[in-house]
Amino acid sequence: MRLSPSDIQAILLTLKLAGVVTLILLVLATPLAWWLARTSSKIKGVISAVVALPLVLPPSVLGFYFLLAMGPNGPIGGLMHQLGWQALPFTFGGLVVASIIYSLPFMVQPLQNAFEAVDKNLLDAAASLGASVQHRFFSIAVPLSRAGFLTAIILTFVHTIGEFGVVLMIGGNIPGVTRVASVQIYDHVEALEYMQAHALSAVMLAFSFVVLLFIYTLRPAHKRSH
Amino acid sequence: MQRISVFLKKYNQVLLGILLAVLSSESFAEKINIAAAADLKFAMDEIVTQFKKANPADDVEVIYGSSGKIFTQIQNQAPYDLYFSADISYPEKLEAAGLTAGPTKPYAFGRIVLWSPKTQLDATQLRLEDLTRAEIKRIAIANPKHAPYGKRAEEALRSKKLWDSVEPKLVYGENIAQTAQFVHTGNAQVGIIALSLALSDALSKQGNYWLIPDTLHSPLKQGFVITKRAEANQAAKKFSNYMASTEARKIMVRYGFTLPDEAGQ
């Protein structure tokens with residue numbers, strides 16, 4: 001069982017997609033999770049529900065709406081066309097945008113749980129000593145939420161790697177651009193190349209197992225140290 | 001025990017009658033699952049409707065997908081009774097592996113066309129050479145790695161020596177129906193799709209096509225088989241025979257398929 005150059009290209013592309021999506025989501029989801037953890041706003045329920053939607057929606061629903069919205073006749077696609085930008089379907093950027101939405105709850109929810117667990121008295125005490133909002137966030141909330149950040153980052157990363165249905169619908173299967181590992185495996189199976197499908201699947205299986213093992217063996221240890 | 005044997009003796013004619021009735025109704029009303037290549041989507045729907053009219057007792061279910069995927073599924077005991085492939089080599093492989101009940105039957109030759117929605121381009125005026133034009137940015141074809149229509153699209157582009165210049169614009173559909181959908185939604189401007197899909201109601205209203213000469217690619221010879229599991233399924237046999245009927249042939253021709261005995265091969 002050997003990986004072909006196109007398999008390696010697919011793996012690298014998958015890692016690049018997961019990496020870019022995780023970084024962007026870390027920046028976007030942290031303030032959102034912080035707000036959800038602290039707010040008593042009436043729209044909190046609505047926002048929470050929207051964030052959780054990708055957890056329950058079939059990827060075909062997401063893929064279908066992405067394709068319509070980002071297509072030339074859709075609201076996003078029309079706007080991008082007016083701005084003279086390239087249409088998103090069948091591009092790496094399109095996969096990034098779709099994956100951000102697809103993986104959003106995997107970043108927001110662990111962060112939100114971690115932020116909710118931060119002792120409010122500590123934050124209040126720091127505030128009374130004159131610490132700014134940013135200062136309080138970065139020197140109290142972030143260090144106390146280390147485990148939450150780690151879980152959120154790893155889950156987002158592996159969940160993006162595991163993406164298939166959405167990519168199949170909006171990717172267009174272009175080598176090096178949108179042909180990620182999961183789609184490459186599907187193609188191998190369709191072309192009856194079972195050995196190549198095995199090789200790539202085994203890599204995915206081993207990688208996912210190691211990552212999850214890391215999370216599950218690391219997290220209890222961290223809790224004990226509290 | 002004695003009572004039961006007396007009961008059996010007394011009613012044995014009745015029981016036999018019930019048993020026969022159950023068995024014969026089974027053989028009259030059977031369920032068949034058909035797995036068909038995506039290019040047959042519209043034609044097969046109509047054929048099945050006609051077949052059901054003629055055989056109201058039989059229950060027919062059709063699943064559409066790519067020929068390669070269905071092949072793999074049947075190898076792994078998928079519950080399909082008939083397999084209509086867009087490439088005759090797949091059912092022939094099943095036959096060679098002893099997974100079929102009877103020989104592979106050719107049923108049609110498919111054709112490929114250039115298709116574009118009217119809002120994008122007038123495909124009747126398009127030729128393969130036009131695909132290199134700068135304003136055409138995205139061209140959809142089925143994945144040549146495993147989709148029969150994709151393979152022929154690649155062959156046609158290669159025989160016109162256009163592959164290298166067109167390849168950077170290509171997006172690949174998982175099967176020919178998804179390829180058509182990429183163009184239908186406007187996400188690709190042009191597609192190389194099956195004539196049978198271009199002639200469907202949904203697509204013919206929205207766009208035009210240009211028939212790609214079949215001298216540019218090897219024939220899209222399509223075949224079907226009855227699978228091993230349906231060996232004793234009378235309805236499967238009936239459906240197989242129905243494909244040779246005037247009604248079924250008319251429908252196939254209307255969707256642009258060339259029938260094997262008319263192809264001169």
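In what follows, every chain begins at residue 1, and chains take the letters A, B, ... in the order their sequences are listed.
- The shortest non-hydrogen separation linking A:Pro89 to B:Asn187 is CG-OD1, 3.1 Å.
- The number of heavy-atom neighbours closer than 6.0 Å to OH of B:Tyr80, taken from other residues, nucleotides and ligands shown, is above 12.
- Among residues at least two apart or in separate chains, ring-ring contact (aromatic ring centres under 6.0 Å, His included) pairs with a member in residues 68-100 of chain A are A:Phe90-B:Phe182.
- With sequence neighbours left out, B:Glu95 forms a salt bridge (charged side-chain N to carboxylate O under 4.0 Å, His left out) with no residue at all.
- Remark: side-chain polar atoms of B:Gln178 are paired, donor with acceptor, to backbone N or O of A:Leu168 under 3.5 angstrom.
- Within a 6.0 Å sphere centred on OH of A:Tyr65, heavy atoms belonging to other residues, nucleotides or ligands number 12 at most.
- Rounded to the nearest 0.5 Å, atoms CD (B:Glu174) and CE (A:Met169) are 11.0 Å apart.
- Listed options A:Ile174, A:Val177, A:Thr178 were ranked by heavy-atom pairs under 4.5 angstrom with chain B; first place goes to A:Ile174.
- Top candidate by heavy-atom pairs under 4.5 Å with chain A, chosen from B:Ala140, B:Ser66, B:Ser67, is B:Ser66.
- Nearest approach of A:Glu190 to B:Tyr90, heavy atoms of both residues: O-OH, 4.2 Å.
- Residue B:Lys93 touches chain A through its side chain alone, counting heavy-atom pairs closer than 4.5 Å.
- Remark: B:Glu129 CD is packed, more than 12 non-hydrogen atoms of other residues, nucleotides or ligands lying under 6.0 Å away.
- No other option in A:Asp187, A:Val189, A:Ile170, A:Asn73 has as many heavy-atom pairs under 4.5 Å with chain B as A:Asp187.
- The residue from B:Leu170, B:Asn143, B:Val171 that alone fulfils the side-chain contact (heavy atoms from CB on, under 4.5 Å) condition with A:Asn173 is B:Asn143.
- A:Leu68 touches chain B through its side chain: at least one heavy atom from C-beta onward sits under 4.5 Å away, while N, CA, C and O do not.
- Within 6.0 Å of NZ on B:Lys145 lie more than 12 heavy atoms contributed by other residues, nucleotides or ligands.
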